[in-house]
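Read the structure below first, then the notes.
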Amino acid sequence: SRDRNAAFRHNQVHTQPGATCPRRSEMATRRLPTVVLVGRPNVGKSTLFNRITRTRRAIVTPVAGTTRDALGQDAEWNGVWFRLVDTGGLYGATEDPLQALVTEQGRRAIDSADLFVFLVDGREGFVSGDRELARLLRATGKPIVLAVNKMDDRRARDLALEFYETGIEPVVEIAAEHGQAVNDLLDAVVERVRHAAAAAPSGPAGEDEISVAIVGRPNAPKSALVHR
């Protein structure tokens with residue numbers, strides 16, 4: 001509605017590229033919940049990422065498969081902070097020779113997620129690539145918000161019922177390019193993010209979790225160092 005879209009503009013997501021969250025000190029004992037955008041190529045993930053983060057970090061073009069690397073940005077909505085991750089398109093028709101690497105990065109992002117925003121193209125209906133992704137996401141046991149994009153297109157209205165028959169809840173109809181109902185989507189996201197944050201394990205105050213990788217030639221010996 002007009003009032004809800006006005007509210008979205010008023011309560012814009014607070015982000016700054018490269019900046020730290022002003023409230024991170026208050027959350028020093030907890031990791032930010034990770035919200036991962038997942039979907040087939042060219043369904044509008046990068047457009048939605050830019051809309052939510054109020055940045056232009058994700059490249060948006062009409063060419064499917066433009067996004068290859070997973071891209072992350074901290075964001076806030078109604079006082080709730082989360083890490084938003086954009087991924088390359090999965091399970092879609094593509095001639096990209098690097099698609100295998102894109103898929104591998106997407107699977108890693110899925111493993112790290114606390115919540116999925118599963119984005120689909122409302123103009124195309126719930127197609128086979130969407131079904132494959134739905135099976136993959138359900139198997140994780142993690143919460144899913146189904147976002148039906150491009151609902152400002154008349155063609156999408158005739159297919160809307162298909163998405164409510166998937167068994168995924170909630171379903172939010174949006175138009176990422178114009179910001180239509182993105183506020184409703186964010187409301188659904190932060191409601192579930194609050195639960196994820198409450199369930200997250202606490203660590204020592206002021207200590208951030210850091211991953212360390214040990215690399216080297218064969219027989220270096222890396223495994224002995226890990227055991228040591």
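- For the pair Leu71 and Phe49, the tightest heavy-atom approach, listed with the atom from each and the gap, is O-CE1, 3.5 Å.
- No donor-acceptor distance shorter than 3.5 angstrom exists from the side chain of Arg40 to the backbone of Val120, with no hydrogens or angles considered.
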Next item on the list: Kindly determine whether Leu115 and Val145 satisfy side-chain contact (heavy atoms from CB on, under 4.5 Å), including the steps that lead there.
Entry: CA-CA 8 Å; Leu115 167 72; Val145 176; 4.1 Å; yes
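- Within the 3.5 Å criterion, the main-chain N or O of Thr53 finds no donor-acceptor partner in the side chain of Gln73.
- Rounding to the nearest 0.5 angstrom, the gap separating the OG atom in Ser112 from the NZ atom in Lys142 is 6.5 Å.
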Notebook entry, point to check: Hey, mind stepping through Leu159 and Glu124 against side-chain contact (heavy atoms from CB on, under 4.5 Å) and telling me if it holds?
Noted result: CA-CA 8 Å; Leu159 298 172; Glu124 299 180 3; 5.7 Å; no
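- Rounded to the nearest 0.5 angstrom, Phe118 CZ and Ile168 CD1 are separated by 5.5 Å.
- A distance of 6.5 Å separates CH2 of Trp81 from CG of Asp74, quoted to the nearest 0.5 Å.
- Judged by distance alone, the side chains of Trp77 and Asn183 never bring a donor and an acceptor atom under 3.5 Å apart.
- When all heavy atoms are compared, the tightest approach of Arg138 to Ile144 is N-CD1, 4.0 Å.
- Distance alone, capped at 3.5 Å, is enough to place a donor-acceptor pair between the Asp130 side chain and the Val127 backbone.
- A donor-acceptor pair is defined here as one N or O able to donate and one able to accept, closer than 3.5 Å; no such pair exists between the side chain of Arg54 and the backbone of Asn50.
- Listed here is the closest heavy atom pair of Val172 and Ala181: CG1-O, 4.2 Å.
- One N or O on the side chain of Thr87 and one on the backbone of Leu37 form a donor-acceptor pair closer than 3.5 Å.
- For Gly122 against Val148, the heavy-atom pair with the smallest separation is CA-CG1, 3.6 Å.
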Checklist line | Asp114 and Arg83: CA distance, side-chain angles, deciding distance, salt bridge (charged side-chain N to carboxylate O under 4.0 Å, His left out) verdict | finding: CA-CA 10 Å; Asp114 296 297; Arg83 182 75 171 172; over 6 Å; no
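- Arg123 places no side-chain N or O within 3.5 Å of a backbone atom of Ala156 that could act as its donor or acceptor partner.
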Item checked: Working for side-chain contact (heavy atoms from CB on, under 4.5 Å), residues Ile110 and Phe116 -> CA-CA 8 Å; Ile110 287 172; Phe116 301 111; 3.6 Å; yes
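- With respect to Leu48, the side chain to side chain contact (heavy atoms under 4.5 Å, CB included) criterion is satisfied by exactly one of Leu84, Asn149, Ile174: Ile174.
- Using a distance-only test at 3.5 Å, with no hydrogens or angles considered, a donor-acceptor pair links the side chain of Arg51 to the main chain of Glu177.
- Interatomic distance, Lys45 NZ to Thr47 OG1, rounded to the nearest 0.5 Å: 9.5 Å.
- Contact record, Val182 with Ala176: CG2-CA, 4.4 Å, taken as the closest heavy-atom pair.
- Looking only at distances, no side-chain donor or acceptor of Lys150 sits under 3.5 Å from a matching main-chain atom of Ala175.
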Margin query: Applying side-chain contact (heavy atoms from CB on, under 4.5 Å) to Phe126 and Leu161, what does each step give before you reach the verdict?
Written below: CA-CA 10 Å; Phe126 202 65; Leu161 184 61; over 6 Å; no
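- Taking every heavy atom of both residues into account, Leu119 and Gly44 meet most closely at CD2-C, 3.3 Å.
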